[in-house]
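Read through the structure below, which is laid out as structure tokens, and then see the notes.
Sequence positions, counted from 1, serve as the residue numbers for this chain.
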Amino acid sequence: MRIAVSGSIATDHLMTFPGRFADQLVGDQLHNISLSFLVDGLEVRRGGVAANICFGMGQLGASPVLVGAAGADFVEYRDWLDRHGVDTLSVRISETLHTARFVCTTDADHNQLGSFYTGAMSEARQIELKSVGDRVGGLDLVHIGADDPEAMARHTEECRTRGIPFAADYSQQLARMGGEEIRALTDGATYLFSNEYEKALIETKTGWDAEEVLRRVGTRVTTLGPKGAVIERAGEEPIHVDCPEEERKADPTGVGDAFRAGFLSGLVWGASLERSAQVGCMLATLVIETVGTQEYTLSRGLFLERLTKAYGQEAADEVRGYLGA
């Protein structure tokens, strides 16, 4: 099964200010702020929902196709993804814009000042899925994640027109979307991904109740944080999958992307929905134990050992066959 993952490609530039922002603010001059902070450190982390998902799938040997837009500064990031099993040949490189980035400074009280630069992400709307499919010999599923809103709409419509199954997963873009936009991105989806809060928001904004949503999508996958995930299909009993026990909680950023990476890898393998969700929950647990969205290392032996502890020997034996060497 060949899966293309579309969505954002970005980097996070994270800085730490040892003082307090509040000490630098003058009450009667807030309308005329001009401040510069001398920071202690800088961390640059790779991110973007599509890149995060593809990295996890690559770690599991699922050979994902990354679809998104980046700038000429993407060279080092691309090499990193290539080394970790991601097909990056369908990434559009902008001639004028930099790769999207989030720049954030955190003070001693954990207050933050941040900015998000969309940059090259705005050119994702110019990517045609047909050319991607022609290059790789066809697409069995397109995962449409948070991206330039027009790109998300165009990818969805192209999937419908060309009969390509698609997964709707608007995540961070959901807050800015109206009901009509959400209905257009959802109707006919083979899979619909969201967390528990987004699930309620989708129903509120679209005016569709839970049953109506299930009539309009093939499979609804909802992550429940530490409670795992639930998979629903019209006329069938829900499947609930618990999360493995965490060894530590280091950083929740990217956990949802990791779940999707594991779940989509299960689909590539031809595993059941329950097994796919178990792999997703196991990968998400590795990410929450690591600072950064792509800083974890997937050791086959340890992964299977922890999968056995969480879901039993049968689950581990089946996944071992998919993982290969």
[X] and [Y]: which non-hydrogen atoms are nearest, and at how many Å?
{"X": "Ala250", "Y": "Thr290", "answer": "CB-N, 3.9 Å"}
{"X": "Val132", "Y": "Ser90", "answer": "CG1-OG, 3.5 Å"}
{"X": "Glu295", "Y": "Gly292", "answer": "CG-CA, 3.8 Å"}
{"X": "Ser276", "Y": "Leu267", "answer": "OG-N, 3.6 Å"}
{"X": "Val268", "Y": "Met57", "answer": "CG2-CE, 4.1 Å"}
{"X": "Ala261", "Y": "Leu283", "answer": "CB-CD2, 3.8 Å"}

Ion pair [X]/[Y], N-O distance below 4.0 Å:
{"X": "Arg216", "Y": "Asp187", "result": "yes"}
{"X": "Asp257", "Y": "Arg260", "result": "no"}
{"X": "Asp134", "Y": "Lys130", "result": "yes"}
{"X": "Glu247", "Y": "Lys309", "result": "no"}
{"X": "Glu43", "Y": "Arg45", "result": "yes"}

When you measure from the side chain of [X] to the backbone of [Y], do you find a donor-acceptor pair of N or O atoms at a distance under 3.5 Å?
{"X": "Thr308", "Y": "Gln313", "answer": "no"}
{"X": "Asp87", "Y": "Leu89", "answer": "yes"}
{"X": "Tyr77", "Y": "Gly47", "answer": "yes"}
{"X": "Asn195", "Y": "Tyr197", "answer": "yes"}
{"X": "Ser272", "Y": "Arg275", "answer": "yes"}

For residues [X] and [Y], is any side-chain donor paired with an opposing acceptor at under 3.5 Å?
{"X": "Gln112", "Y": "Thr106", "result": "yes"}
{"X": "Tyr311", "Y": "Glu318", "result": "no"}
{"X": "Tyr322", "Y": "Ser265", "result": "no"}

Parallel, tilted or perpendicular: which describes the rings of Phe116 and Phe102, with under 30° parallel and over 60° perpendicular?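 Aromatic pair Phe116/Phe102 classed tilted.
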
To the nearest 0.5 Å, what is the distance between [atom1] ([X]) and [atom2] ([Y])?
{"X": "Lys249", "Y": "Thr285", "atom1": "NZ", "atom2": "OG1", "answer": "9.0 Å"}
{"X": "Arg125", "Y": "Asp148", "atom1": "CZ", "atom2": "CG", "answer": "4.0 Å"}
{"X": "Thr293", "Y": "Asp251", "atom1": "OG1", "atom2": "CG", "answer": "8.5 Å"}
{"X": "Thr204", "Y": "Lys199", "atom1": "OG1", "atom2": "NZ", "answer": "10.0 Å"}
{"X": "Arg220", "Y": "Thr186", "atom1": "CZ", "atom2": "OG1", "answer": "8.5 Å"}
{"X": "Glu196", "Y": "Thr223", "atom1": "CD", "atom2": "OG1", "answer": "8.5 Å"}

Thr222 and Glu198: CA distance, side-chain angles, deciding distance, side chain to side chain contact (heavy atoms under 4.5 Å, CB included) verdict: CA-CA 9 Å; Thr222 308; Glu198 291 164 350; over 6 Å; no

N/O donor to acceptor pairs below 3.5 angstrom from side-chain atoms of residues 172-181, sequence neighbours left out:
unit_1: Gln173; atom_1: NE2; unit_2: Asp147; atom_2: O; d: 2.6
unit_1: Glu181; atom_1: OE1; unit_2: Gly178; atom_2: N; d: 3.1

Could you check if a side-chain atom of [X] sits within less than 4.5 angstrom of a side-chain atom of [Y], using non-hydrogen atoms only?
{"X": "Arg233", "Y": "Leu273", "value": "yes"}
{"X": "His143", "Y": "Leu141", "value": "no"}
{"X": "Glu150", "Y": "Ser122", "value": "no"}
{"X": "Leu81", "Y": "Phe74", "value": "yes"}
{"X": "Arg215", "Y": "Trp208", "value": "no"}
{"X": "Val49", "Y": "Asn52", "value": "no"}
{"X": "Leu286", "Y": "Gln59", "value": "no"}
{"X": "Ile182", "Y": "Tyr170", "value": "yes"}

Single hit among Arg162, Arg154, His155 for side-chain contact (heavy atoms from CB on, under 4.5 Å) with Leu129: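 Among the candidates, only His155 passes.
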
Quick one: side chain to side chain contact (heavy atoms under 4.5 Å, CB included) partners of Asp23, sequence neighbours excluded?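 So Asp23 forms a side chain to side chain contact (heavy atoms under 4.5 Å, CB included) with Arg20.
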
Taking it one step at a time, do Ser63 and Arg2 satisfy side chain to side chain contact (heavy atoms under 4.5 Å, CB included)? CA-CA 8 Å; Ser63 303; Arg2 176 69 73 177; 4.1 Å; yes

Sequence neighbours excluded, which residues qualify as ring pair (Phe, Tyr, Trp, His ring centres under 6.0 Å) partners of [X]?
{"X": "Phe303", "result": "none"}
{"X": "His84", "result": "Phe55, Trp80"}
{"X": "Phe37", "result": "Phe17, Phe21"}

Qualifying salt bridge (Lys or Arg N to Asp or Glu O under 4.0 Å) pairs, either residue in residues 222-232, two or more places apart: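 Pairs touching residues 222-232 that pass the test: none.
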
His13 vs Leu42, side chain to side chain contact (heavy atoms under 4.5 Å, CB included): CA-CA, chis, key distance, verdict: CA-CA 7 Å; His13 297 246; Leu42 168 66; 4.2 Å; yes

Derivation of the side chain to side chain contact (heavy atoms under 4.5 Å, CB included) call for Ile93 and Arg78: CA-CA 11 Å; Ile93 302 300; Arg78 164 173 263 159; 4.0 Å; yes

Under 4.5 Å between side-chain heavy atoms, hopping through other hydrophobics if needed: is there a path connecting [X] to [Y]?
{"X": "Val287", "Y": "Phe259", "result": "yes"}
{"X": "Ile288", "Y": "Ile53", "result": "yes"}
{"X": "Tyr296", "Y": "Leu302", "result": "no"}
{"X": "Ile202", "Y": "Ile144", "result": "yes"}
{"X": "Met1", "Y": "Tyr191", "result": "yes"}

